[in-house]
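Data block below; observations after.
As a basis for the values below, the full set of heavy atoms in this structure was taken, side chains included, without hydrogen atoms, waters or symmetry mates. Residue numbering restarts at 1 for every chain, and letters A, B, ... go by the order of the sequence lines. Treat the numbers as computed from the prediction; the structure is a model and nothing was measured.
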Amino acid sequence: MGAVEWQKIPSSLSELCINTTLRCGQSFRWRKNDAGVWSMALHNRILSLHQDPEHLYYRATFPAAQPALPTPPASHAPSVAAGAEEDDTPALVQHYLNLAPNLTELYKQWSAADANFAKKAPKFTGVRILRQDAWEALVGFICSSNNNIARISQMMHKLCVHYGPLLGHLDGEPYHDFPEPAALAQEGVEANLRSLGFGYRARYLYETACMVVEKPDGWLDGLRNPEAPVLGQKAEDGGEWQASGREGYRKAHEELLALQGVGPKVADCVCLMGLGWGEAVPVDTHVWQIAQRDYKFGKGKHSSLTKATYDAVGDKFRSLWGKEAGWAHSVLFTADLRAFSERLVAKVEKKEEDVEVKKEDGEEPVLEDIKKEEKVVEKRIKREDEDGEKDVLAVEGTVRRSKRARKG
DNA sequence: GTCGAACCTTTCGA
DNA sequence: ATCGAAAGGTTCG
C-alpha cells in the first residue's frame, strides 16, 4: 500500500461539516474509525478525511503494485508505486466534496427566502451535497426504499465486499471499490443478494444492472447536469431555469424512471446526488412530513402523497429556494433525521447524563476510553456530535461483531 | 390519475 | 427484554 501524507486545506465548519455530511443519508459507504477518521474506497484508492475548525485533512491510500500500464520495463518504474504519477487526489477531493460553492452564502439566500429554513438551519450548518458517482447513487437509493440508513449502509458494504475490487486494508478492514454495473448483471446475482439479506431489492438491483449494461456506453453520465460534469471534464451551461426544473433535469428524471426499483423519489435522489441537478427535490416520508408540518401541504387537493402532490411539493420548494432547492431540502431533511434529533432539544443540564447512558448501552467496554477521547475532540471543535458517534459506530459494530465475538 | 396491498429485513422505541 | 411499527418507496392490479 502506498500511503501518502495528510494534506490539508483551509475550511470552516460552516462551509463543510463532514460529521454531518457523511452520515446524513447521502452516501452510505463512509466509515469512521476509532480515531474519528472517515474513510471510503473511491476511484481506485482509499480516501480518508478528518477535520478541525480551520482545516479539512485528506489522505489517499493507493493499492500496492497497481500498474497503470501493463507493467512495461520495470527498469525505472521507481517508487511511483501507485498514484504518485500525477496524484489527482486533490482534484478528486475538491470534486467529490463539491467544495466550489460558497455554502455560507447559499444558507443566507435560503434563509432570506424562507423563515422556516432560517429557523432550522443554524443547527445544521456545513451540510454539503456530495458529487457522488451516478451509478453508486442509483444503487444506493434503490436499496433505500422502505429501509433504514443503518441497513442501507450494511447492504452497500456487502455489495462492495462481494462484487467490488479489493483495494487494500485500513485499520485491519478491507476496502473494496464500488462494483461496476456488469458485476451485478451476472447470472445468480439476484439469488445471492437475497441470501445476503437484500430482500426484494435484490431483483431491482439485478434487473437495473442488466438494463444499464444494455444501454449505450456512458448513458448514465450522459444524463448529468452539464454544469457538474465528471471529474476532468469542462463545465457547460445547464439550461434555462424554470420552477418545474430545467429540461435536462426532467429528461434525466424521466429516463431513470424506466429502471427497476426506481420511482420518482429514487430518481430525484440520483438526479441530485449523482447527476448534479441541484433542483431535484426527493420527496420521501421525512420531506412529506416537513411539507405538511411547515409548508401547508396535507390538506384538500394535496392531502395524500400522490404523483401530483409529489410534483407540487417539488415545485413549491424550487420556487422558494431556487436552483439549488435540493440542497436546501437536504439541510431540512438532515434536521429531521432521528440520528440528529438531539440537536433539536434545548441544551439542558440533563443532557450529559443522557449521553452517558446511551454510550454505555450496546457498546463494547473496550471502546470506552477511546470514545471518551473522541468526545473531547468533538467538544474541542465545538460541535454537538456525541449523539452521532453512537449511530455510526452502531453500523460498523454490526458488521464487525457479526464476524467476531458478539456475545458478551 | 388515484388507491391499497404486498414486499424483505433490520432497526427503532415504547 | 420483547414485539409491533417504521424505515430516505416501488410495483402491481
*With both distances under 3.5 Å as the test, what is the Watson-Crick or G-U wobble partner of dG13(C)?*
dC3(B)
*Rounded to the Å, how far apart are Met211(A) CE and dT10(C) C1'?*
14 Å
*Proximity to the side chain of Asn146(A) - top-ranked nucleotide from dC3(B), dC12(B), dG9(C)*: dG9(C)
_Residue that, paired with Thr20(A), satisfies side chain to side chain donor-acceptor pair (under 3.5 Å) out of Arg343(A), Arg128(A), Lys123(A)_ = Arg343(A)
*Per Ile149(A) side chain, nearest of listed nucleotides dA7(C), dG8(C), dC3(B)*: dG8(C)
*First of Leu259(A) and Ile152(A) reached from the 5' end of DNA chain C, by closest nucleotide*: Ile152(A)
*asked:* Between the side chains of Glu279(A) and Arg246(A), is the shortest nitrogen-to-carboxylate-oxygen separation below 4.0 Å, so that they form an ion pair?
replied: yes
*Which residue lies toward the 5' end of DNA chain C, Tyr204(A) or Cys269(A), if each is placed at its nearest nucleotide?*
Cys269(A)
*What does Ala202(A) touch in the nucleic acid at a heavy-atom separation under 4.0 angstrom: a base, only the sugar-phosphate, or nothing?*
nothing
_Lys265(A) side chain, from C-beta outward: closest of dA7(C), dT11(B), dG9(C)_ = dG9(C)
*Do NZ/NE/NH1/NH2 and the carboxylate oxygens of Glu173(A) and Arg31(A) come within less than 4.0 Å?*
yes
*What nucleic acid atoms does Cys143(A) come within less than 4.0 Å of, heavy atoms only: base, sugar-phosphate, or nothing?*
nothing
*Which part of the nucleic acid does Val262(A) contact within heavy-atom distance under 4.0 Å: base, sugar-phosphate only, or nothing?*
sugar-phosphate
_Suppose we call a contact any N or O donor and acceptor under 3.5 Å apart; does that hold for the side chain of Arg201(A) and the base of dC7(B)?_
no
_Donor-acceptor pair between Ser11(A) and Glu54(A) side chains, under 3.5 angstrom_ = no
_When you compare the side chains of Asn102(A) and Tyr107(A), does any donor N or O come within less than 3.5 Å of an acceptor on the partner?_
no
*Can a donor-acceptor pair under 3.5 Å be found between the side-chain atoms of Arg151(A) and the base atoms of dT9(B)?*
yes
*Base, sugar-phosphate alone, or nothing: which one does Gly25(A) contact when heavy atoms must sit under 4.0 Å apart?*
base
_Interatomic distance, Phe333(A) CZ vs dG9(C) C1' [rounded to whole Å]_ = 13 Å
*hbond_proxy Tyr310(A) side chain to dG9(C) base (donor-acceptor, 3.5 Å cutoff)*: no
*Return the value, rounded to whole Å, for the distance between atom CE of Met155(A) and atom P of dA7(C).*
17 Å
*Nearest to the side chain of Gln260(A) - dT10(B), dT11(C), dC8(B)?*
dT11(C)
_Separation of dT10(C) P from Leu138(A) CG (nearest whole Å)_ = 12 Å
